[in-house]
Amino acid sequence: MKKLLTAVWILTLLLLSNVPAEVQCQIIADHTVVDKYDQIPQQYIDKVKEMWVIVAGESHSKGYRIGCRLLEELDPRFQVSIRESGVPEGYTDAHMRLSSATWGDLNNPDGWVYSYGEEDWFTNATALTRTRAHLTHCNTNNLAIAAMGFGWCWDMTSNNWPAGTPDPVHQVRWAGRSSAGPEGSKRWGLDAGDYALTDNSVCMDTYLNATDGYNAFCTGNTYPTKVFYTTGPVDANENLGENGYQRFIKHEYIRDFVQAGAGRILFDYADILCRNDAGERRVVSWTDFGGVTREYQAIHADNLIDLDGGYVEDGDHIGERGAVRLAKALWWMLARMAGWDGQPLATDEKPMADRTIVYPVPARDFLIVEPEDLSGVMLAELFDVRGNIILSENITGINTKINLSGLDSGLYLLKITAGDQIAYRKIIRL
């Protein structure tokens, strides 16, 4: 049963861009995955090292990059190249490429820009147009983007502090900034119904719909880019109390949205920083306008200090320990996007060298499976998208053909086992 479930996970993750929505799964990088980064098999570390990853943001987004640089120093397997200006690096398999680079922003129709705010990602129509233009420029000019997300700054809490009438559901007043929004930079809530409380048409749904739209845009244009959702900062004492609680509600809204949709990917920046490496979670409280004491997460003090126990402000508003936690979770998420099922290799399973040839692809009536070593016996098992095993064949130097004539058209997963080695292949039956 365990091996069957593993096959389902591998199928849905390997083929995330090709599988119908109803069989896609979510990838959620939160505090539970930080310690799992060192379980990533080398073959998926190598796949991540082929990626260009963009976290477009302002100061807080530096935490992703600082953390990845520090993680490389701690564990040389996780090689990364970071650029803070100029032309992005082209394809390589030597290291993951990470930056905040975008081609243009709200104020610039073209040219490389290395700072991106809410006004560039979601608050206005020009932002949507320019970000789509960025996706097109990169993906059609030999700068394919593997993954991209918005690196929140204090957009949910700063500039406009809690004011106005409390939300009747959450019993909190909304706060935040919405630079370049239709009504200007004002407080904002969760959905269109909050306009009555904020006089602002920008809300959390504006961010979610924009991000969802970028994914649809990439899919519609067959770009390889996966646009992931993110939560935002949990630091700064002035962002606690009522301000912190309304920010927590916004983060919960993002989490609920991701969990409700097939194939969505979330990097939960906030949750990762609210716990330390020992798993301890910082919880604070605030009494709402209904008189109920509400508990919510805030950044753990350990994530505000550096690896040596001190602290030097390096522009991301958190300590090195917090940044490293972000980096570990980011590598885990990217490995999952690359096809890893999230499970460490069992002691009796080793990755198979990718030298077994499977053809034709797509296939109609049969598959040919040609292993590099024709002297042994391999087991070929075919699974449907629900994880049901459809057929099983022994592959030898004499028999390398798998009959598909009785199968329905669609997507399948071929699992090839040779001794203690296992490999997977995507199969499309015409």
Side-chain angles (χ1 to χ4, degrees), residues 30-31 57-60 117-119 121-123 150-211 229-260 266-275 281-300 303-304 317-318:
D30 58 15
H31 77 274
E58 298 169 318
S59 55
H60 279 87
E118 73 274 15
E119 69 275 14
W121 187 268
F122 70 95
T123 63
F150 176 58
W152 290 93
C153 202
W154 281 310
D155 317 301
M156 299 182 192
T157 56
S158 69
N159 293 64
N160 302 298
W161 306 109
T165 302
D167 184 285
V169 175
H170 300 288
Q171 292 298 313
V172 67
R173 298 174 300 174
W174 298 119
R177 67 184 183 216
S178 58
S179 300
E183 292 80 25
S185 183
K186 293 185 175 184
R187 298 174 295 112
W188 53 277
L190 302 178
D191 55 34
D194 291 326
Y195 180 87
L197 304 175
T198 63
D199 293 323
N200 193 354
S201 58
V202 172
C203 58
M204 186 56 77
D205 277 345
T206 315
Y207 160 75
L208 296 173
N209 292 336
T211 306
Y229 303 83
T230 57
T231 55
V234 281
D235 53 285
N237 288 332
E238 62 269 26
N239 288 330
L240 295 178
E242 181 182 11
N243 212 7
Y245 181 65
Q246 66 89 35
R247 175 177 57 186
F248 170 73
I249 294 298
K250 290 173 176 174
H251 288 158
E252 288 285 271
Y253 196 77
I254 296 171
R255 294 167 183 139
D256 290 345
F257 177 84
V258 171
Q259 291 173 0
L266 172 65
F267 189 87
D268 201 337
Y269 177 106
D271 183 69
I272 292 164
L273 294 180
C274 288
R275 293 180 187 255
R281 176 173 176 253
R282 183 188 177 195
V283 177
V284 295
S285 62
W286 172 75
T287 302
D288 71 18
F289 285 90
V292 178
T293 299
R294 303 290 186 179
E295 293 187 340
Y296 62 95
Q297 297 183 122
I299 192 168
H300 195 285
N303 295 322
L304 291 168
H317 312 294
I318 60 174

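Under the 3.5 Å distance criterion, the side-chain polar atoms of D288 are left unmatched by any main-chain donor or acceptor of Q171. Within the 3.5 Å criterion, the main-chain N or O of V202 finds no donor-acceptor partner in the side chain of S178. Listed for the R282 side chain is a donor-acceptor partner under 3.5 Å among the backbone atoms of I299. Remark: side-chain polar atoms of W174 are not paired, donor with acceptor, to backbone N or O of G164 under 3.5 angstrom. The backbone N or O of G184 sits nowhere less than 3.5 Å from a side-chain atom of S179 that would complete a donor-acceptor pair. The backbone N or O of V172 sits nowhere less than 3.5 Å from a side-chain atom of E242 that would complete a donor-acceptor pair. E118 places no side-chain N or O within 3.5 Å of a backbone atom of T123 that could act as its donor or acceptor partner. In terms of modelled atom types and a separation under 3.5 Å, the side chain of T211 and the main chain of L208 share no donor-acceptor contact. Put simply, the side chain of S185 never gets that close to the backbone of R177: no donor and acceptor are under 3.5 Å apart.
Residues C274 and N303 approach most closely at N-ND2, 4.4 Å, considering heavy atoms. Between F248 and E295, the shortest heavy-atom contact is CE2-O, 4.4 Å. Contact between P166 and F289 at its shortest, heavy atoms only, is CG-CG, 3.7 Å. The nearest pair of heavy atoms linking V234 to L273 is CG2-CB, 4.0 Å. When all heavy atoms of A163 and R173 are compared, the closest pair comes out as O-CB, 3.5 Å. Closest non-hydrogen pair, G244 versus Y296, comes out as C-CE1, 3.6 Å.
In this structure, F150 CZ and D155 CG are separated by 4.5 Å, a value rounded to the nearest 0.5 Å. Annotation: the span from I249 atom CD1 to D167 atom CG amounts to 9.0 Å, rounded to 0.5 Å. Distance CG/L240 to CG/D235: 9.5 Å, rounded to 0.5 Å. Distance check: T231 OG1 to F267 CZ gives 8.0 Å after rounding to the nearest 0.5 Å. Here W188 contributes atom CH2 and C203 contributes atom SG; the two are 8.0 Å apart, rounded to the nearest 0.5 Å. Atom CH2 of W152 is separated from atom OH of Y269 by 13.0 Å, given to the nearest 0.5 angstrom.
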Problem set entry | Pair F257-M204, side chain to side chain contact (heavy atoms under 4.5 Å, CB included): steps then yes or no | CA-CA 10 Å; F257 177 84; M204 186 56 77; over 6 Å; no
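Between Y207 and F122, the ring planes are perpendicular. Angles over 60° get that label, and only those under 30° would be called parallel.
R275 pairs by the side-chain contact (heavy atoms from CB on, under 4.5 Å) definition with H31, R281, R325, not counting sequence neighbours. Partners of N160 according to the side-chain hydrogen bond (donor to acceptor under 3.5 Å, both in side chains) rule, which considers only residues two or more places apart in sequence or in another chain, do not exist here.
For residues 246-256, the side-chain hydrogen bond (donor to acceptor under 3.5 Å, both in side chains) pairs, not counting sequence neighbours, are D205-Y253, N243-Q246, Q246-K250, E252-R255, R255-D268.
Counting only heavy atoms from C-beta outward, the side chains of R187 and N200 never approach each other to under 4.5 Å.
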